[in-house]
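On a predicted model such as this, the values are computed, not experimentally measured, just so you know. Both ligands and their constituent atoms are indexed starting at 1 by order of listing.
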Amino acid sequence: MALDDTLWFTENPTADGSTLSLKVTGKLHEEQTDFQKIEVYGTEGFGNLMVIDGYIMLTARDNYLYHEMMAHPVLFTHPNPKRVLIIGGGDCGTLREVLRHPDLEQVQQVDIDAGVTRASEKFFPELCESNNDARAELHFTDGIKWVKDAAPGSYDVIIVDSTDPVGPAIGLFSEPFFRDCHRALGENGIIVQQSESPLLNMQILTDMHQAMRDAGYADVQTLHFPQPVYPSGWWTCTMAAKHAFKGFRIEDSVCKSFPTRYYSAEVHQGALALPPFMKEAFGKIK
Ligand code: SAM
């Protein structure tokens, strides 16, 4: 049964032949930037929807799941984060979550495409509410070059909130990039990267673990969580650290001074509990 594409947005199908459709109320924006095609739709049940090159980026209804899990686990794992770099993240949802941490001193966001942030300011203003925080800096350039040029030890945490490993983002999943991040991170530095679906993309996940190990990180941990509008509805982020992980600051997480809708210390603990097929796959990586 073909859906009427005047009433439904349907994402580019995955290699496995799966896709997702959302019933739309209208197209609000379309722009071809120097880097990608950005579209925004109104939807019946998920609020506004952002699409880049035919792939769903976020909806107003469920983006909190992803943005909270890209920001809070890594920040409560680092012993005392002060300086954060976000690569990508142009919708500013991750930036908003990061800035909820009162002890941070500087958060730089580097997205290659200013068009994404301009569209988010217009159609997802709630995600951009912290953009004027005195600690925040928004830069629009290639994150790969930014990290390559960064002075050693510049950051405590690097968050890579990128599109899938295609187009301008492909280099963000490579060993040379992870090596450059390793150099740009301080003594207790941690990188976290969105790492796709455990059901559909285990090869991307195992390749990422291997590339992070080869780039010199002492330890790598994947966390999993629901993300309904991403392929399979089951998503991950992967952290890599210069020193072996020793749990996370549970007390600080439990006593956090800000509200979250999905993240909690218990959810954090649970997200680290991997199913056997993932543990087995990661266990083979040296
Ligand atoms: N949560 C989304 C996902 O998982 O697909 C990603 C959100 S965010 C919109 C992805 C961002 O990565 C885009 O704004 C895109 O411009 C940015 N991006 C892609 N390649 C980049 C690069 N080399 N340097 C900086 N930003 C990049």
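- Summary of contacts: the protein heavy atom closest to atom 14 (O) of ligand 1 is Asp111 OD2, 2.6 Å.
- If you check which protein heavy atom lies closest to atom 26 (N) of ligand 1, you get Ile112 N, 3.1 Å.
- Judged by the shortest distance from any of its heavy atoms, Tyr230 lies inside the 4.0 Å radius around the atoms of ligand 1.
- Interface atoms of ligand 1 facing Asp161, defined by a heavy-atom separation under 4.0 Å, are 1 (N), 6 (C), 7 (C), 8 (S), 10 (C), 11 (C), 12 (O).
- Under a 4.0 Å N-O distance rule, the pair Glu31/Lys37 does not qualify as a salt bridge.
- Any N or O atom pair closer than 3.5 Å counts here, and Trp235 shares no such pair with ligand 1.
- With respect to Asp252 and Arg249, a salt bridge is recorded, a charged nitrogen being found less than 4.0 Å from a carboxylate O.
- Those atoms of ligand 1 with a heavy atom of Asp113 less than 4.0 angstrom away are 16 (O).
- Phe173 and Val192 fall into different hydrophobic clusters, where Ile, Leu, Val, Met, Phe, Trp and Tyr side chains are chained together by heavy-atom contacts under 4.5 Å.
- Close contacts between ligand 1 and Asp142 involve ligand atoms 22 (C), 23 (N), 24 (N) [criterion: under 4.0 Å to a heavy atom].
- Remark: among candidates Pro168, Ala169, Ala119, the nearest residue to atom 23 (N) of ligand 1 is Pro168, based on non-hydrogen atoms.
- Residues Tyr262 and Tyr64 keep their aromatic ring centres 6.0 Å or farther apart.
- With a 4.5 Å cut-off on side-chain heavy atoms, Tyr217 and Cys181 count as touching.
- Checked by atom type and distance alone, the side chain of Thr260 pairs as donor or acceptor with a backbone atom of Tyr263 at under 3.5 Å.
- Here the heavy atom of the protein found nearest to atom 24 (N) of ligand 1 is Gly143 N, 2.9 Å.
- Atom 8 (S) of ligand 1 has as its closest protein heavy atom Asp91 OD2, 3.5 Å.
- At least one heavy atom of Val110 sits closer than 4.0 Å to an atom of ligand 1.
- When non-hydrogen atoms are compared, ligand 1 lies under 4.0 Å from the side chain of Tyr66 (C-beta onward) but not from its backbone.
- On a distance-only criterion, Ile87 and ligand 1 share no N/O pair closer than 3.5 Å.
- Between Lys148 and Asp180 there is a salt bridge, since at least one side-chain N of the basic residue sits less than 4.0 Å from a carboxylate O of the acidic one.
- In this structure, Met50 has no heavy atom closer than 4.0 Å to ligand 1.
- Between Trp146 and His139, a ring centre-to-centre spacing shorter than 6.0 Å is recorded.
- Within the listing of ligand 1, atoms 4 (O) sit less than 4.0 angstrom from a heavy atom of Gln194.
- Of all protein heavy atoms, the one lying nearest to atom 19 (C) of ligand 1 is Thr163 OG1, 3.4 Å.
- Using a 4.5 Å heavy-atom cutoff, the side chains of Ile38 and Asp113 are in contact.
- Checked for salt-bridge contact, Glu129 and Arg96 meet the test: a charged N lies under 4.0 Å from a carboxylate O.
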